[in-house]
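Input: a single structure, listed below in structure tokens.
Values reported hereafter were calculated over all heavy atoms of this structure, with side chains retained and with hydrogens, waters and symmetry mates removed. Numbers restart at 1 for each chain; the letters A, B, ... are given by sequence-line order, proteins then strands. Computed from a predicted structure; not experimentally measured.
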Number of protein chains: 2
Amino acid sequence: MTEGRSRRPGPRIEEVARVAGVSKSTVSRVINGEKYVSERSRQAVHRAIALLGYSPNHAARTLAGSKANAIALVISEQGSRVLADPFFAGVLRGVHAELAGRHVQLLLMMNQPSDGAGQIAYLTGGHVDGALVVSLHGEDPLPRTLHETGLPIVVGGRPLAGGSLPFVDSDNFNGALEAVRHLISLGREKIATIAGPADMAVGMDRLSGWRCGLAEHGLAVKLVVHSDFTPEAGALAMEQLLHMAPDLDAVFVAADIMALGAMMVLQARGYHIPDDVAVVGFDDSVVAATAVPPLTTVRQDVEQFGRTMTWRLLAELAGEEKLPLSILLPTSLVRRASA
Amino acid sequence: MTEGRSRRPGPRIEEVARVAGVSKSTVSRVINGEKYVSERSRQAVHRAIALLGYSPNHAARTLAGSKANAIALVISEQGSRVLADPFFAGVLRGVHAELAGRHVQLLLMMNQPSDGAGQIAYLTGGHVDGALVVSLHGEDPLPRTLHETGLPIVVGGRPLAGGSLPFVDSDNFNGALEAVRHLISLGREKIATIAGPADMAVGMDRLSGWRCGLAEHGLAVKLVVHSDFTPEAGALAMEQLLHMAPDLDAVFVAADIMALGAMMVLQARGYHIPDDVAVVGFDDSVVAATAVPPLTTVRQDVEQFGRTMTWRLLAELAGEEKLPLSILLPTSLVRRASA
DNA sequence: CCAGAATTTGGGAGCGCTCCCAGGTTTTCA
DNA sequence: TGAAAACCTGGGAGCGCTCCCAAATTCTGG
């Protein structure tokens, strides 16, 4: 009755100030972790906040202040959905974990082909302080465009276009290298690969690792077929490889999901896995352990991926200096029955 | 130099008003789609908005207005991650698609066991207008708690606890029913099931469908083993079933991912699929098509799931009357080689 | 011992918008 | 034909906070 307009519930900064016996300027300083606040005031404010259950109003902070207190997670969805799904969920979990406890909102944007311009306008329009761009397609211009407007970003997955964008990626090269070394240690000599698309960094880096592993031992690096990240394409690629070299004795497949298709073809053609042909995948996705036979694969920690991207972005927003431009996360070989 | 404080880029509502030759009240009315605006003014405002590339400031709208212009997507993550991942990504895509073009932000929250109370405080603290709660675990109290505070919510997946929460779910019952009818039409008579957990609606509903399908034809409904949504547990359940009835001729598995484990066991025991034992899964997840043999399964459209939840929530927020309390989405049988 | 620097505090303008109010104009209906 | 109802508009208070400014206090070093 006495309220003019319907107010949001909860106490305001003014009440905290009153209870703590200081001004609202001081409360604001404490909340934002500024220096030039006496220990005495800081304690009093913290007590008052706890007592009242105060939580700052996000909209007001954003409106009054010079930052948005929010970051965006931008998913660039150009095909390759199959690869994206489990990857994406894991990354998201990591991002969220890293954000926990900070007063930063996570906004989600998916790259609809229709609204490229609108999206850029939104992102650079002061609604967010920075963006995490998960861009599986290496040549996507979005990260660069955003970066050039001065918006702090971190790209997930090495961007292909030259220049220097901050990014986080799994160490695809060394993962593949380790896979090939493992195959060689098993005595395999005719080692093929089903590579990812040539326009994706993830595809290229895994291919390079395979090449290096073979080159180390003077083995031939001819048996390459490019494919996309689907089981069907993996099957097709395997057929091509068998056509090129029916006597191959191992294949490194750049994604578990493609390995599934490849294994189907191998088994249909009467090859025994791993006796005739050893198979190593990549990702250690949920399908790897339940494949028949269980798939030896290179594990990447997607949750760590999300956490690291977020950490890097927040560090930059906090004004930290000397941050590494790019961060590669370790991979590890998971040995199962297929190799 | 002339700017006192660093301002956000872009035009403000005042400029739109000036260009359109009206007051900012009128511009606000147009933006919010209120009635009591002449067609002439409306046109002028729209032209001015397009001309200036104006986009309303979210923080200011939220602060000044009585709504937050944001909804939350709350993921209740109590185990069952494997099921959740692809499901979750699809739902998210649907949510996003439905939100496109509206001035509604999507906030993401994952249920960290640690911050249950903080999360509720945040959600009911006026930061969001409503919430989508994806809660696979049927007895999760969060949806009910939120609903009781008056926050509009839509639950994804039928909530188990009695009462009347608005929810969206796949028609698990009829999907299972159709699967069983298909098996019966194939001449199978000893049809087992690997059911989901008994404390999840999704598990119970699929089990009920199986029961009904058998009951329709007077078949025995004894061969049930409960399991959780992992391949390992599926394998274990299959072993139990074979122990109970080595001569079973079909099995309906409540999730593709469990079916994978079950098929491994069947094949290891020398059963041929589908000749000896027919297998039908549920979900039509990415693994179904690449299983050996390819898995016949019940398809649910997870993207539609997300879209429908969002539509239902936005409709309620818009004050629409006579909304259905619950919505069941159709499923369809996808025939492949396993049955 | 005192000028200047460093620290600590409160006051208040204003971020960009919505929503209430008051006033004017047009339509409706008995 | 006149009063009530519906329609349309602009002005301005204020949402809850941050950040600038000015002032008060304490700490330095020559």
Of the options [options], whose atoms approach the side-chain atoms of [X] most closely?
X: B/A64; options: D/dG10, D/dG16, C/dC17; result: C/dC17
X: B/Y36; options: D/dC17, D/dA6, C/dC17; result: D/dA6
X: B/L63; options: D/dT9, D/dG16, C/dT9; result: D/dG16
X: A/S23; options: C/dT18, C/dG10, C/dA13; result: C/dG10
X: A/V22; options: D/dT18, C/dG10, D/dA6; result: C/dG10

Can you measure from CG (B/N57) to NE2 (A/H127) and round to the nearest 0.5 angstrom?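 The NE2 atom of A/H127 is 6.0 Å from CG of B/N57, to the nearest 0.5 Å.
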
When rounded to the nearest 0.5 angstrom, what distance separates CG in A/L165 from CG in A/L325?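 Taking CG in A/L165 and CG in A/L325, the distance rounds to 8.0 Å.
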
Go through the N and O atoms of the side chain of B/S25 and the base of D/dG11, and report whether any donor-acceptor pair is under 3.5 Å.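 A donor-acceptor contact between them is present.
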
Kindly indicate whether the side chain of A/K35 and the base of C/dT7 share any N or O donor-acceptor pair separated by less than 3.5 Å?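 For A/K35, whose side chain was compared with the base of C/dT7, there is no donor-acceptor pair (under 3.5 Å).
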
Could you state the [atom1]-[atom2] distance from [X] to [N], rounded to the nearest angstrom?
X: B/E14; N: C/dG14; atom1: CD; atom2: C1'; result: 13 Å
X: A/L52; N: D/dG16; atom1: CG; atom2: P; result: 15 Å
X: A/R12; N: D/dC15; atom1: CZ; atom2: C1'; result: 9 Å
X: B/H58; N: C/dT18; atom1: NE2; atom2: C1'; result: 14 Å
X: A/K24; N: C/dG11; atom1: NZ; atom2: C1'; result: 8 Å
X: A/N69; N: C/dC15; atom1: CG; atom2: P; result: 18 Å
X: B/K67; N: C/dT18; atom1: NZ; atom2: P; result: 8 Å
X: A/I13; N: D/dC15; atom1: CD1; atom2: C1'; result: 14 Å

Taking NZ, NE, NH1 and NH2 as the nitrogens, is one of them in A/R307 or A/E303 under 4.0 Å from a carboxylate oxygen of the other?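 A/E303 and A/R307: salt-bridged.
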
State plainly whether the residues A/R18 and A/E14 are in salt-bridge range, i.e. N to O under 4.0 Å.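 Looking at A/R18 and A/E14, the cut-off is not met.
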
With a cut-off of less than 4.0 Å, is there a side-chain N or O of [X] near OP1 or OP2 of [N]?
X: B/T26; N: D/dG10; value: yes
X: A/S66; N: D/dT18; value: no
X: A/N57; N: D/dC15; value: no

Quick check on DNA chain D: between B/S38 and B/A60, whose nearest nucleotide comes earlier from the 5' end?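 Per heavy-atom nearest nucleotide, the more 5' residue is B/S38.
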
State which residue, out of A/L313, A/L314, A/D129, A/V128, fulfils the side-chain contact (heavy atoms from CB on, under 4.5 Å) condition with A/P152.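 Among A/L313, A/L314, A/D129, A/V128, the one that satisfies the side-chain contact (heavy atoms from CB on, under 4.5 Å) with A/P152 is A/L313.
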
Sub-4.5 Å side-chain heavy-atom contact between [X] and [Y]:
X: B/D301; Y: B/L329; answer: no
X: B/T62; Y: A/L63; answer: no
X: A/R29; Y: A/S41; answer: no

Between the protein and nucleotides 24-27 of chain D, list the N/O to N/O atom pairs that are separated by less than 3.5 angstrom.
none

Would you indicate what B/S41 reaches in the nucleic acid, counting non-hydrogen atoms under 4.0 angstrom: base, sugar-phosphate, or nothing?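 Result for B/S41 = sugar-phosphate.
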
Position toward the 5' end of DNA chain C (nearest nucleotide), A/R29 or B/E34: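 It is A/R29, whose closest nucleotide lies nearer the 5' terminus.
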
